[in-house]
Amino acid sequence: MKNKSIIFIVVCMVLCLIPSVGMLFFPTTETTENRAMAEAPQLITEEGTFNRSFFQDFEDYFTEHIALRNQLVYTDAKIQTKVFHESNVSGVINGTNGWLYYSSTLEDYLGTDVMSERELYNLAHNFSVIQDYLNGQNIDFVLTIAPNKNTLYGDNMPYYASCVVNEDHNAKLLAPMLSEQKVSYLDLFSLFESQDETLYLLRDSHWNMKGACLAYNAIMDDLELAHEDYSDTEPMLVKNENGDLNKMLYSFYGELEENYSYDLTQEYVYANDVDSVEDGWIITENQNGNGTLLMFRDSFANTLIPFMSNEFKSAYYSKGEPNAMERFVEMYAPDCVVIEKVERNISNYLDDPPIITPTQTELPAALTIATTDTTVEIEACLNDVNYYKLSGTVDAERIQNNSEILVSVDGKLYRAYQTGEDGYSLYLKQSEFTDALAEVRVYVLNDDGCIQALSVVLNLPE
């Protein structure tokens, strides 16, 4: 009996040592995460001093490079999902019937973080400011929001369904406000809901290729551009898709799933160094295409790029935030601009809208000067050295849900972005200023009139 106990202890010790000792012979060298793996720690820095973060660096390196790491992660994930019906990865929700969902969509799904009416109005207002700027440059504009997977296909969400507190998601509440402010908005929610088949992948957070084709056709139709619609093409089902959620949960060993393949003939070429469609900046050129596209996008557009680039002579795709919209417009003179943003991140345009010089406007005839707690500051723009950023807050007692904030700088009146509940911001080119001072006035336009909420002279940043 004693010998059996010793053997058992030895076996357990050997099994525990395999991942660490195995690093000497077959360390883990690949990761499913979209980042570089930790490098081997250095005891002495390049400057010849002791590396104070050595032990943390060693922990990171050891954790990521232990032998059989991906296999162990996969085994644990299988046990957790099959036996306990839970995900062992914080970013993934394990649904029923093999469905996986992205955890960051949970607040939208449950309705626990719905924007206020003022925030929704401000978000719609910001898109109106963007559209005014682009239309002033004779550029067509389309905004579209990619639905979260569980917004369209929530039937396989786990028990969380019973905890839904509000079925009105931000995107649903935003749509009528975009219409009221005459923003060119393409409603993909209604479009996808009208389809009889499932157009998202089971173990990925995005639409499948047939869904991508549907979205592409809708965007091109909204822009009123002639294009190949692939209506005569019957896509093939190919079992080769290793979805992002699949890789996050099951490492490299998750089961592949079927996706549609249109077997597109690539008529475009990449005009910059591109590693994959995940890159933050992509340029394509197509000698047989027409016009120029500028798209501000996220990963949902990965599968739109082949379709779109086959149509445009030049196409520019940016993931950066805040979007360097005016700089790109001046550099590339696009015929059309598309903003594509996933539902869960649409609020980014509330607090981090694109860098543009907003459209100038005029004050209404009736104006009241008031003493308020409105604030303003001016600073060099951290994202573009060619701009100043003006921002501040408006006295909360002076604004209504549909109040518009106007800002005058040296006599020129602009439609400002509206941020949060009571904030505002705008960007102005530094070259527009000829003096070291700027006279700034802030106005609040309400249903019952317009008030001057602030008048101040500011020193420009050096």
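To the nearest 0.5 angstrom, F328 atom CZ is 10.0 Å from M325 atom CE. Taking CZ of F189 as the reference point, atom CG of L152 lies at 7.0 Å (rounded to 0.5 Å). A distance of 7.0 Å separates CG in L191 from CG in L186, rounded to the nearest 0.5 Å. Of the inter-residue distances, the one linking M209 atom CE with E241 atom CD reads 9.5 Å to the nearest 0.5 angstrom. Distance check, rounded to the nearest 0.5 Å: OG of S205 to CG of N150 gives 10.5 Å.
Residues H227 and D221 approach most closely at CE1-OD1, 2.9 Å, considering heavy atoms. Taking all atoms of both residues into account, the shortest heavy-atom contact from L245 to D204 is CD1-C, 3.8 Å. When all heavy atoms of I356 and V129 are compared, the closest pair comes out as CD1-O, 4.1 Å. Counting all heavy atoms, side chain and backbone alike, N446 lies closest to I399 at OD1-CA, 4.2 Å. Closest heavy-atom contact between I405 and Q418: N-OE1, 2.7 Å. For S425 against T419, the heavy-atom pair with the smallest separation is OG-CG2, 3.9 Å.
Ring geometry for Y262 versus Y230: interplanar angle over 60°, hence perpendicular rather than tilted (30 to 60°). Note: Y200 and F300 have tilted aromatic rings, judged against thresholds of 30 and 60 degrees for the angle between ring planes. Taking the six-membered ring for Trp and thresholds of 30 and 60 degrees, Y216 and F307 have nearly parallel ring planes, at less than 30 degrees apart.
The closest donor-acceptor contact from the side chain of R118 to the backbone of E421 lies under 3.5 Å. When atom types are taken as modelled, the side chain of E167 and the backbone of G111 share no donor-acceptor pair closer than 3.5 angstrom. A distance-only check finds no donor-acceptor pair linking the side chain of N401 to the backbone of E117 [under 3.5 Å]. N286 places a side-chain N or O within 3.5 Å of a backbone atom of N310 that can act as its donor or acceptor partner. No donor-acceptor distance shorter than 3.5 angstrom exists from the side chain of S403 to the backbone of V444, with no hydrogens or angles considered. At distances below 3.5 Å, at least one donor-acceptor pair connects side-chain atoms of Q266 with backbone N or O atoms of Y268. Panel note: side chain K341, backbone L143; no donor-acceptor pair is recorded below 3.5 Å. A donor-acceptor pair is defined here as one N or O able to donate and one able to accept, closer than 3.5 Å; such a pair exists between the side chain of S116 and the backbone of E119. Under a 3.5 Å cut-off, the side chain of D422 and the backbone N or O of A396 do not form any donor-acceptor pair. A donor-acceptor pair under 3.5 Å links the side-chain atoms of N217 to the main chain of C213, judged by distance alone.
The cationic group of K210 lies under 6.0 Å from the six-membered ring centre of Y260 and within 45° of the ring axis, placing it in a cation-pi geometry.
For the 3.5 Å distance criterion, the side chains of S309 and Y270 fail to qualify, holding no donor opposite an acceptor. Checking N323 against Y349 by side-chain atom types alone, a donor-acceptor pair falls below 3.5 Å. At a cut-off of 3.5 Å, with distance as the only test, no side-chain donor of N348 or D352 sits close to an acceptor on the other residue.
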Kindly determine whether Y387 and E326 satisfy side-chain hydrogen bond (donor to acceptor under 3.5 Å, both in side chains), including the steps that lead there. CA-CA 11 Å; Y387 289 82; E326 186 167 34; 2.6 Å; yes
Working note: I219 + L304, criterion side chain to side chain contact (heavy atoms under 4.5 Å, CB included); need CA distance, chi angles, decisive distance, verdict. CA-CA 10 Å; I219 292 170; L304 296 179; 4.1 Å; yes
Audit row: N302, E278, side-chain hydrogen bond (donor to acceptor under 3.5 Å, both in side chains) steps and yes/no: CA-CA 7 Å; N302 290 353; E278 290 284 358; 3.1 Å; yes
Yes or no on side chain to side chain contact (heavy atoms under 4.5 Å, CB included) for T198 and W99, after CA distance, side-chain angles and deciding distance? CA-CA 12 Å; T198 299; W99 282 68; 3.7 Å; yes
As a quick check of understanding, evaluate side chain to side chain contact (heavy atoms under 4.5 Å, CB included) for T357 and Y414, giving each step before the final call. CA-CA 9 Å; T357 302; Y414 302 95; 4.3 Å; yes
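Partners of K389 according to the salt bridge (Lys or Arg N to Asp or Glu O under 4.0 Å) rule, which considers only residues two or more places apart in sequence or in another chain, do not exist here. Applying the salt bridge (Lys or Arg N to Asp or Glu O under 4.0 Å) criterion to E234, with sequence neighbours excluded, gives no partner residue.
Tested against D108 for a side-chain contact (heavy atoms from CB on, under 4.5 Å), the candidates D113, V114, N170, N166 yield a single pass: N170. With respect to T393, the side chain to side chain donor-acceptor pair (under 3.5 Å) criterion is satisfied by exactly one of T374, D373, T375: T375.
Here side-chain hydrogen bond (donor to acceptor under 3.5 Å, both in side chains) pairs that include residues 172-185, with residues two or more places apart or in two chains, are D168-K172.
No more than 12 heavy atoms of other residues, nucleotides or ligands sit less than 6.0 Å from atom CD of E397.
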